[in-house]
Amino acid sequence: MSSSKQSLLSLAEFLRGKEIKINSSAIKEAAKILKNLPDEIPIPELIDEANGFLTLEWYKDTKNIFVISLNGTKTLEFAWMYGGSKEFSGKLDILDMIPESLIEDLKVFLQYDI
């Protein structure tokens, strides 16, 4: 099974049986992003935030985290922390997939040896 299909199954499993507080547009954005992730990127942890956002998180340890937050407005927020002292963050517009520049940042993060 491709990682994009596994990602979508992960999203469906995450949502199953939950009282949905997540913005439905954020769920649709997440599904599109997960579907279009390259196979070499592992499935992120999914987190439902109290504010209705859906967060995708790649976690190595408390000092090395990459987070994408979706709120259903076709804008994503991201933060990338490594080594506990260096952080990058910002906002990007999205259409049907995650911007290529963010994919490249995520690949770098995943290859970074902690």
For this session: Please report the C-alpha distance between Trp58 and Asn64 in whole Å, then the side-chain angles of each, then the deciding distance to 0.1 Å, and finally whether the side-chain contact (heavy atoms from CB on, under 4.5 Å) criterion is met.
Result: CA-CA 9 Å; Trp58 290 265; Asn64 297 282; over 6 Å; no
Problem set entry | Residues forming a salt bridge (Lys or Arg N to Asp or Glu O under 4.0 Å) with Lys107, sequence neighbours excluded | Glu40, Glu104
For this session: Using a 4.5 Å cut-off on heavy atoms from C-beta on, say whether the side chain of Phe66 contacts that of Tyr82.
Result: no
Exercise. Atom CD1 of Ile43 and atom CG of Leu34: how far apart are they, to the nearest 0.5 Å?
Worked result: 8.5 Å
Seminar exercise, completed: Sorted by chain and residue number, the side chain to side chain donor-acceptor pair (under 3.5 Å) partners of Thr55 (sequence neighbours excluded) come out as Glu49
Problem set entry | Within residues 22-41 or reaching into it, pairs that qualify as ring-ring contact (aromatic ring centres under 6.0 Å, His included) - sequence neighbours excluded | none
Problem set entry | ILVMFWY network linking Met81 to Leu92, side-chain heavy atoms under 4.5 angstrom | no
Exercise. Just wondering, do Leu56 and Ser69 contact through their side chains at under 4.5 Å, heavy atoms?
Worked result: no
Exercise. When you look at Leu76 and Leu102, which way does the side-chain contact (heavy atoms from CB on, under 4.5 Å) test go after all the steps?
Worked result: CA-CA 10 Å; Leu76 63 78; Leu102 198 56; 3.6 Å; yes
For this session: Mind checking the NZ-CD spacing from Lys32 to Glu29? Nearest 0.5 Å is all I need.
Result: 8.0 Å
Exercise. Can you find a pair of side-chain heavy atoms, one from Asp105 and one from Trp80, that are under 4.5 Å apart?
Worked result: yes
Problem set entry | Counterpart residues, side chain to side chain contact (heavy atoms under 4.5 Å, CB included), relative to Thr75 (two or more places apart) | Thr73, Lys91, Asp93
For this session: Would you check if Ile27 and Leu70 make a side-chain contact, meaning some heavy-atom pair closer than 4.5 Å?
Result: no
Seminar exercise, completed: The side chain to side chain contact (heavy atoms under 4.5 Å, CB included) partners of Ser85 (sequence neighbours excluded) come to none
Seminar exercise, completed: Across all chains, not counting sequence neighbours, the side chain to side chain contact (heavy atoms under 4.5 Å, CB included) partners of Glu57 are Glu45, Ile47, Tyr59, Ile65, Val67
For this session: State, yes or no, whether a side-chain contact exists between Asn51 and Asn71 at a heavy-atom distance under 4.5 Å.
Result: no
Exercise. Same cluster for Phe78 and Leu46 if Ile/Leu/Val/Met/Phe/Trp/Tyr side chains link at under 4.5 Å?
Worked result: yes
Problem set entry | Closest approach of Leu54 to Ala26 (non-hydrogen atoms, all atoms of both residues) | CD2-O, 4.2 Å
Problem set entry | Working for side-chain contact (heavy atoms from CB on, under 4.5 Å), residues Phe53 and Glu77 | CA-CA 10 Å; Phe53 288 24; Glu77 296 179 29; 4.2 Å; yes
